[in-house]
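Numbers restart at 1 for each chain; the letters A, B, ... are given by sequence-line order, proteins then strands.
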Number of protein chains: 2
Amino acid sequence: MAHKQQRATLADVAREAGVSMMTVSRVIHGTGRISDDTRQHVREIIEKMEYRPNRAARTLVTKRTFTIGFVAPDITNPYFTEILQGVEEFFWREGYNVLLANSNENPDREKAILEQLEDTMVDGVIVCSSRLSDDELLPLIAKHAAVVAVNRNLPQHLGSVVTTRHPRGYRAVLAAKYLHETGRQRIGYINLVRSISSVNLDMFMRELQSLEIPINPNWYATCQPNWQAGYDTASQLIAGHPELDAIIAGNDLVALGAMRAAKQYGRHIPDDLALIGGDDILMASQVTPALTTFRSDKYNIGTTAAKLLLQRIGGDMTYCEHHYQDELIIREST
Amino acid sequence: MAHKQQRATLADVAREAGVSMMTVSRVIHGTGRISDDTRQHVREIIEKMEYRPNRAARTLVTKRTFTIGFVAPDITNPYFTEILQGVEEFFWREGYNVLLANSNENPDREKAILEQLEDTMVDGVIVCSSRLSDDELLPLIAKHAAVVAVNRNLPQHLGSVVTTRHPRGYRAVLAAKYLHETGRQRIGYINLVRSISSVNLDMFMRELQSLEIPINPNWYATCQPNWQAGYDTASQLIAGHPELDAIIAGNDLVALGAMRAAKQYGRHIPDDLALIGGDDILMASQVTPALTTFRSDKYNIGTTAAKLLLQRIGGDMTYCEHHYQDELIIREST
DNA sequence: TTTACTAGAGTTAGCGCTAACTCGACGAAA
DNA sequence: TTTCGTCGAGTTAGCGCTAACTCTAGTAAA
């Protein structure tokens, strides 16, 4: 039987030190006027009793939890993990905890998560690549004290924003442009499922048309942002459209799935088929052929989002937006 | 100015419904005796006022936070992320939050984390691949109400355990045995830094000796469990010992770093140099040549650890240990 | 008719902490 | 000597919730 010994409370410390609770509280917070003697004495008692404040009680009074929520659609995707690492590192130094919530690409789950984080009274939330429509997302985050969105625009009064430098979907256009310039004629595109995916695809085609790049609606598909979905979708695309000489994938995991599919269909990359991913996860540079992809400074996206959130938590509700570079990194797959 | 509207409290709901606070509390918890009429009425008011209980207040009374801590040395390592995914998924269904803490391979940080989690009054902790010695770890976790360790043994009264089927370090021996049987004679080993690393290496050599596999202390090195360290360490090993015809790495990230190093030194895998990793992360099967490694059902390790922790949180302090399979998966790198 | 339950509530007393006010003593200025 | 300010505390009143007890009216058994 391992009985946990009862933790000392403020009252215990105060009694032992022969002072009032407020005096102890002041010593802990370094506020108010305390004589050096008293301060020293109280500190010794705190040390001796191994007193540490009860966060729940403090939260009840101050309405602050020193905890923030991080919501991402898939924590096994290295893209989000590296962002998370930046967030966690930053907030740890500030004495905050990070509550992790994985929506698993499920919008209903994301909703439930945002509500639960509200109950937990997190001081703020970082929402990464939300899968919710504005109609669903905005009311949910409006209830949170402080919000920062990553890869998503927000009305200025609702929260700050960290996004790519180029407008949504424009990355694919950049990729197509590059592929066309290097001689590819029939370019496939595997778009990622989002609440706004159809818009994306329309824009993509319009842009290609204006660049005089051949388009064909059958060359485009949409899939979940993971390896298996990329593999499955690319397999269908390659089998159904052997004429394709290039494929752009929404992110690296999908591209790597596509790479495996291409190999299975006997297509040689980059000779028969060029391939472009996105996000530059570690794996992209390690596979053979190394994957051409878009730069993404994930760790700093995380720390930047964290910094913006802390600013809002601190009461400074100035809207900020930060855009990160995402130019193409040419490797062996194109 | 976005003013958050004040959330309704139990007292607000009680007043509005014309009942006592306890009646509302009972309706929420589904405990005690309430007439159907009253229950229905209170529920409507709760709905109308969008009342949701304040977790901090509840915690203050019940001493339960419905939050658990997950401590891992590196959340960018897919190995830990997949375990975490299992943990998060399981606990989400049970209505728990997961506090993520990343020690960044830093023992001092891990200590601080375990103390902070104690302040936060988490209901339990899952400690993954702790970098602390028993002398440091055990007193820290003894203060937690419920603990499960992954990849680490614990005194039975302190917590349950999820580990590999084979004793620590034995994986490397299995790998060496396989390599020797397939004709390799000079086998290098890149061990991972742990608090117990030296013990590991001694055992490794003794085992090899008893299997009549050639040993040489200079063929063995130790490094941090990440790609870069694997690359650096393998580079030195390959440069300094061109006679090596096989390398065993502590985990897949290190093995992939070594694979890159081998390529740079013009060594062909598997012809010139065999390579074995560990943990079977996604990347291991995707690189060329595909990496021979050890199976590891990471997601289920996570859910199992979570299940064992929930059991302890529920008051059942029976010691449990669960061992997962870790046999070798032969791929192209050997 | 008295006793004894029981259903369906309500009342009381905190959990551990902090914000905001109060209070006495001492030294300096008027 | 009186007034006033300041130092160094202490006191009071909750934050929002729940555990544990109390209370009342109605019903069934003796």
Side-chain angles (χ1 to χ4, degrees), chain A residues 4-43 45-46 49-67 95 118-123 145 315, chain B residues 4-43 45-46 49-67 95 118-123 145 315:
Chain A
K4 278 188 60 194
Q5 79 271 35
Q6 205 56 39
R7 278 177 66 155
T9 71
L10 245 202
D12 296 335
V13 175
R15 200 178 315 112
E16 183 76 13
V19 298
S20 73
M21 283 167 57
M22 271 317 290
T23 301
V24 181
S25 179
R26 283 177 184 125
V27 169
I28 288 167
H29 289 278
T31 58
R33 292 183 289 239
I34 307 279
S35 71
D36 288 347
D37 284 357
T38 308
R39 194 195 324 278
Q40 189 56 35
H41 177 227
V42 169
R43 284 211 173 120
I45 303 288
I46 287 176
M49 301 182 77
E50 295 188 317
Y51 169 74
R52 297 227 298 290
N54 179 318
R55 279 211 186 206
R58 184 180 281 175
T59 294
L60 195 54
V61 175
T62 62
K63 311 295 176 206
R64 298 198 56 183
T65 52
F66 288 92
T67 299
E118 203 193 325
D119 296 350
T120 312
M121 303 220 305
V122 289
D123 292 340
Chain B
K4 278 187 61 195
Q5 78 272 31
Q6 205 54 42
R7 278 178 65 157
T9 70
L10 243 202
D12 297 333
V13 175
R15 201 178 314 114
E16 183 75 14
V19 298
S20 72
M21 284 168 56
M22 270 319 288
T23 301
V24 181
S25 178
R26 284 176 184 128
V27 169
I28 288 167
H29 291 279
T31 57
R33 292 183 289 237
I34 307 278
S35 71
D36 289 347
D37 285 357
T38 309
R39 194 195 324 277
Q40 189 56 34
H41 178 227
V42 169
R43 283 208 174 124
I45 303 287
I46 287 176
M49 302 183 76
E50 296 188 315
Y51 169 73
R52 297 229 296 288
N54 179 317
R55 280 210 186 207
R58 184 178 282 176
T59 295
L60 194 54
V61 175
T62 62
K63 310 294 175 211
R64 298 197 56 182
T65 52
F66 287 93
T67 299
E118 202 192 326
D119 295 350
T120 312
M121 302 221 305
V122 289
D123 292 341

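- One atom, CD1 of Ile28(B), and another, P of dG16(D), lie 14 Å apart when rounded to the nearest Å.
- Rounded to whole Å, atom C1' of dT18(D) lies 9 Å from atom CG of Leu10(B).
- A straight line from OH of Tyr51(B) to C1' of dG16(D) spans 7 Å, rounded to a whole angstrom.
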*For every nucleotide of nucleotides 5-13 of chain C, 5' to 3': is a protein heavy atom under 4.0 Å from its base (B), only from its sugar-phosphate (S), or from neither (-)?*
--BBBBB--
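- Thr120(A) contributes no side-chain N or O that, together with a main-chain N or O of Val122(A), makes up a donor-acceptor pair within less than 3.5 Å.
- Between Asp119(B) atom CG and dC17(C) atom P there is a gap of 11 Å when expressed in whole angstrom units.
- No side-chain donor-acceptor contact under 3.5 Å links Thr31(B) to the backbone of His29(B).
- One atom, CG of Asp37(A), and another, C1' of dA9(D), lie 14 Å apart when rounded to the nearest Å.
- Atom-to-atom, CG of Asn54(A) to C1' of dC15(C) comes out at 8 Å; the value is rounded to the nearest Å.
- Side-chain contact check for Asp119(A) versus Arg7(B): some heavy-atom pair is nearer than 4.5 Å.
- Separating the CD1 atom of Ile46(A) from the P atom of dC17(C) is a distance of 11 Å, rounded to the nearest angstrom.
- Computed from coordinates, the Arg58(B) CZ to dC17(D) P distance equals 8 Å when rounded to whole Å.
- An OP1 or OP2 oxygen of dT18(D) is reached within less than 4.0 angstrom by a side-chain nitrogen or oxygen of Ser25(B).
- You'll find the side chain of Thr38(B) stays beyond 4.5 Å of the side chain of His41(B), heavy atoms only.
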*Between Ile34(A) and Val27(A), is a side chain to side chain contact (heavy atoms under 4.5 Å, CB included) present by the stated rule, with each step listed?*
CA-CA 7 Å; Ile34(A) 307 279; Val27(A) 169; 4.3 Å; yes
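- Judged purely by atom type and a 3.5 angstrom limit, Thr59(A) uses its side chain to pair as donor or acceptor with the backbone of Arg55(A).
- For the pair Lys63(A) and dG16(D), the criterion of a side-chain N or O lying under 4.0 Å from OP1 or OP2 is met.
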